[in-house]
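Residue numbers begin at 1 in each chain, while the letters A, B, ... track the order of the sequences.
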Amino acid sequence: MALTGIEIYKFLPKTNCKKCGFPTCLAFAMKVSQKGVDITVCPDLSPEAKEALEAAGRPPIRLVTIGGDKRKIEVGNEVVMFRHEKTFYHPTGLMVRIKDSAPAEAIAKVAGEVAGYSVERVGMELALDGLALENESKDAATFVACVEAVKSKADLPLVLMSSDPAAMGAALEKAADGKPLIYAATKDNWDKMAELALKHGCPLAVHEAAGLGELAQLVEQINGAGIEDIVIDPGAHGFAQSLATLTQLRRLALKKSFRPLGYPIITFPGESSDTVEAEAVLAAQHVAKYAGIVVLDHFSPSMAYPLLTLRLNIYTDPQKPIQLTPKIYEIGAPKPDSPVCVTTNFSLTYFSIAGELESSGYPSWLLVADTEGLSVLTAWAAGKFDAEKIAKTVKDFNIAESISHRSLIIPGRVAVLRGELEEELPDWKIMVGPPEAMDIGGYLKKMWSA
Amino acid sequence: MPEVEVPLEKWTGKVNEVRLGGNGRQAVVVGGEATFPFLQFEGAIPNRPAVAIEVLDVQPTGWPSQLAAAWGNVLADPALWAKKAAEYGADIIALRLKSAHPEEGDTGAEEAKKTVDKVLAAMDLPLIVLGPEVAEKDNIVLVAASEAARGQRIALGNCEEKNYRTIGAACIADGHVAIAKTPIEINLAKQLNILLCDLGVSPESILMDPTTGALGYGLEYTYSVMERLRLACLTGDGMTSMPMICTVGEESWRQKESKSDIEVPATWGELEQRALIWEEMTASTLLNAGADIVVLRHPKTVEAIKATIDKLMG
């Protein structure tokens with residue numbers, strides 16, 4: 001939990017010396033609490049105060065990196081319970097589990113598919129983040145062979161899963177350079193797992209399902225061995241239990257600054273799911289409600305794509321809505337005689353209109369103007385969606401080249417722009433669409449005869 | 001062992017309980033939560049969220065084939081469709097009077113009354129009646145539906161800023177519940193609730209429709225507006241304490257992801273499973289944001305979401 005101005009003030013020399021550039025120590029403290037200035041700007045801060053402030057300023061949920069220099073993910077360091085309070089910063093890592101007892105071809109196939117999977121959405125490439133390799137065979141040599149096979153197919157962050165420190169040690173000899181997550185230290189093996197984590201400089205998962213107190217105790221023991229890069233597994237299964245447990249863990253970290261549980265959480269939604277759909281839905285809950293890493297037991301594009309879309313939705317900064325790249329979007333498979341509509345690049349505006357066009361039965365050309373992410377009326381009021389901008393959009397993207405007509409449908413909310421637009425685009429017929437997106441289908445049916 | 005004391009929030013408000021049906025029909029009560037969704041460790045969740053199945057009064061056109069095939073012949077008859085939906089486990093039937101839309105047949109009060117009578121007679125679940133979402137036509141057919149269902153405590157939607165007086169008055173006169181729909185905005189949602197209450201609609205006779213964005217199509221806006229509405233309710237704002245209804249099926253099945261198997265990237269995966277997950281994930285995510293009623297379309301989604309709710313209720 002970040003300190004308040006008053007709490008910071010207590011650590012300051014209280015001399016009001018102004019050397020920091022602020023009139024009083026209190027004013028300085030207030031600015032520090034808003035993160036407007038760094039605490040080290042105070043030249044007279046005692047070393048003890050500095051250390052105490054740094055400790056208090058540590059993130060309530062530790063940021064943990066999994067993976068090597070080439071491909072890595074960062075999870076944790078979240079600061080709010082609800083995304084509307086600020087934003088969720090570090091998207092949940094989505095990984096797929098491979099068991100070492102599976103046939104070699106199956107291992108190679110899944111590793112290759114997951115590594116090669118990537119899907120484009122609103123101009124972004126969405127991909128899965130890693131593979132979790134489980135030592136189901138209980139045999140060290142089999143585990144090592146699996147690690148090597150996967151490494152040859154996939155350059156992705158890994159989770160190595162074994163309760164046997166010897167097998168884990170053997171696998172780490174081959175994979176430690178990729179800084180995999182070691183899964184997991186338990187109350188039976190934690191000292192040896194901690195040794196391996198220290199030796200190889202890898203993050204360590206801590207698994208204890210008996211209760212949050214027991215989990216916190218084990219984490220403290222492992223902290224005592226010098227390990228800070230920790231991911232916790234409270235062993236929460238199913239919808240209700242995992243929602244309750246993950247909510248409690250997030251609250252303990254944020255509201256109580258409870259250090260022993262202030263770490264990202266790993267979950268395995270497939271373990272309590274009967275069907276692939278159920279696994280996807282539970283994984284979605286974990287993405288929205290507080291998991292740092294979700295390990296899936298199944299991979300198929302038809303479950304990965306919705307899940308990656310959900311993660312994109314939830315981890316979009318609510319204060320900075322996704323702006324679409326201004327360009328011509330083809331809805332359906334438009335032809336030269338298909339309608340041309342123009343709108344703004346506010347994502348929600350785009351999605352409303354694209355959705356209506358999609359279901360209207362009229363494949364269309366949708367021209368998206370650069371309004372810096374503002375919606376139609378707001379952009380119009382701010383002078384970012386005027387006749388000049390629309391005309392420029394029409395010309396810059398050269399939509400005329402793709403179509404056989406010269407009709408342009410503008411949003412009904414900016415009907416007032418029609419006259420000016422007719423001057424800006426003298427060859428064009430300017431049509432005023434409906435004010436609400438949901439009426440586009442009916443409008444096209446009535447008005448579009450090209 | 002370190003002592004772990006989970007912080008509990010002391011909420012001062014709770015969601016209103018709204019009853020649908022009764023008087024000879026089955027009754028469903030939604031709302032009443034005294035904490036965020038499914039957090040039984042913190043507060044009471046007296047009623048499970050309800051699953052409504054959407055029924056149209058005209059044969060749907062342009063539905064993806066797997067969705068149409070799941071229902072088969074009953075799509076041509078709203079009464080048979082509603083009966084089938086009851087068999088598939090619906091808690092509530094949501095009847096959309098689409099034929100009243102000027103582009104879809106422009107039917108009027110008489111047809112609306114007949115359809116509502118027929119559907120009410122075909123099954124004994126509570127009913128939601130939704131208009132064609134053209135304000136002036138909504139007024140005509142929803143008032144007719146209201147009269148036809150007098151005393152059966154159905155829900156009428158949508159009340160919007162333009163027509164809340166007519167629909168609200170019908171709800172008061174005939175003992176129904178008003179669905180107040182606003183475009184993904186917390187202040188507009190609250191404002192419409194205030195207007196309806198000022199008109200004389202009791203707070204226990206209002207549901208809020210915050211407007212549903214499907215997965216990938218504005219879901220995050222709906223999600224956060226719902227969380228903010230629920231937070232305002234729990235901190236004591238009575239004018240945001242109405243249970244929330246989300247039209248999940250309608251929104252998710254009209255997206256390209258649920259419809260198209262051609263001219264889409266191979267990375268979207270197999271259509272049938274993708275489309276089902278699209279509806280299920282939209283529903284489950286909004287349930288976790290506070291939805292009290294989800295209106296669904298595919299029978300398999302209904303089954304899956306009912307199972308999910310069972311699990312979430314513990």
Side-chain heavy-atom pair A/Gln248, B/Val4 within 4.5 angstrom cut-off: no
Given the options A/Arg121, A/Glu436, A/Gln241, A/Lys445, which has more heavy-atom pairs under 4.5 Å with chain B than any of the others? A/Arg121
Presence of salt bridge, B/Arg254 and A/Glu356, under 4.0 angstrom: yes
Heavy-atom contact with chain B under 4.5 Å, split by part of A/Ser118: backbone
As an exercise: rank B/Gly216, B/Ala283, B/Ala275, B/Gly213 by heavy-atom pairs under 4.5 Å with chain A and give me the winner. B/Gly216
Can you confirm whether the side chains of A/Tyr305 and B/Glu257 place a donor and an acceptor under 3.5 Å from each other? yes
Measuring from atom CD1 of B/Ile277 to atom CG of A/Leu307, what distance do you get when rounded to the nearest 0.5 angstrom? 8.5 Å
Is there a side-chain contact between A/Gln285 and B/Leu312, using heavy atoms and a 4.5 Å cut-off? yes
For B/Lys259 and A/Ser359, run side chain to side chain contact (heavy atoms under 4.5 Å, CB included): C-alpha distance rounded to whole Å, both residues' side-chain angles, the deciding distance at 0.1 Å, then the answer. CA-CA 9 Å; B/Lys259 293 193 343 195; A/Ser359 56; 3.9 Å; yes
Evaluate ring-ring contact (aromatic ring centres under 6.0 Å, His included) for B/Tyr223 paired with A/Phe82, printing each intermediate quantity in order. CA-CA 10 Å; B/Tyr223 183 83; A/Phe82 301 106; 8.9 Å; no
Contacting region of A/Phe258 [heavy-atom separation from chain B under 4.5 Å]: side chain
Just one of B/Gln273, B/Arg274, B/Glu270 clears the side-chain hydrogen bond (donor to acceptor under 3.5 Å, both in side chains) bar with A/Ser302, so which one? B/Gln273
Got B/Glu220 and A/Pro318 here, is their nearest side-chain heavy-atom distance under 4.5 Å? no
In Å, rounded to the nearest 0.5 Å, how long is the span from CG of A/Leu243 to CG of B/Leu39? 5.5 Å
Mind ranking B/Gly314, B/Pro7, B/Gly218 by heavy-atom pairs under 4.5 Å with chain A and telling me who comes out on top? B/Pro7
Give, as side chain, backbone, both or neither, the part of A/Leu312 having an atom under 4.5 angstrom from any heavy atom of chain B. neither
Between A/Pro260 and chain B, which part of the residue has a heavy atom less than 4.5 Å away: side chain, backbone, both or neither? neither
Atom pair OG (B/Ser224) and CD1 (A/Ile314), whose distance is rounded to the nearest 0.5 Å: 7.0 Å
Side chain, backbone, both or neither: which part of B/Phe41 has a non-hydrogen atom closer than 4.5 Å to chain A? side chain
Per-residue contact mode, A/Glu277 against chain B (heavy atom under 4.5 angstrom): both
So, the part of A/Glu214 with a heavy atom under 4.5 Å from chain B: the answer is both
Where on B/Glu5 is there a heavy atom nearer than 4.5 Å to chain A: the side chain, the backbone, both, or neither? both
Using non-hydrogen atoms only, which part of B/Leu271 is less than 4.5 Å away from chain A: side chain, backbone, both, or neither? neither
Specify which of B/Met281, B/Glu42, B/Glu251, B/His101 makes the most heavy-atom pairs with chain A at under 4.5 Å. B/Met281
Roughly how far apart are A/Thr275 OG1 and B/Leu276 CG, rounded to 0.5 Å? 10.0 Å
Pair A/Lys289 + B/Glu227: basic N to acidic O under 4.0 Å: yes
Side chain, backbone, both or neither of B/Ala289 within contact of chain A (heavy atoms, under 4.5 Å): neither
Sort by residue number and list every member of residues 297-309 of chain B having a non-hydrogen atom under 4.5 Å from chain A. B/Thr308
With a 4.5 angstrom heavy-atom cut-off, which part of A/Leu282 approaches chain B: side chain, backbone, both or neither? neither
Report yes if some heavy atom in the side chain of A/Thr309 is under 4.5 Å from a heavy atom in the side chain of B/Trp278; otherwise report no. yes
Assess the side chains of B/Tyr221 and A/Ser347: does a donor N or O sit below 3.5 Å from an acceptor N or O? yes
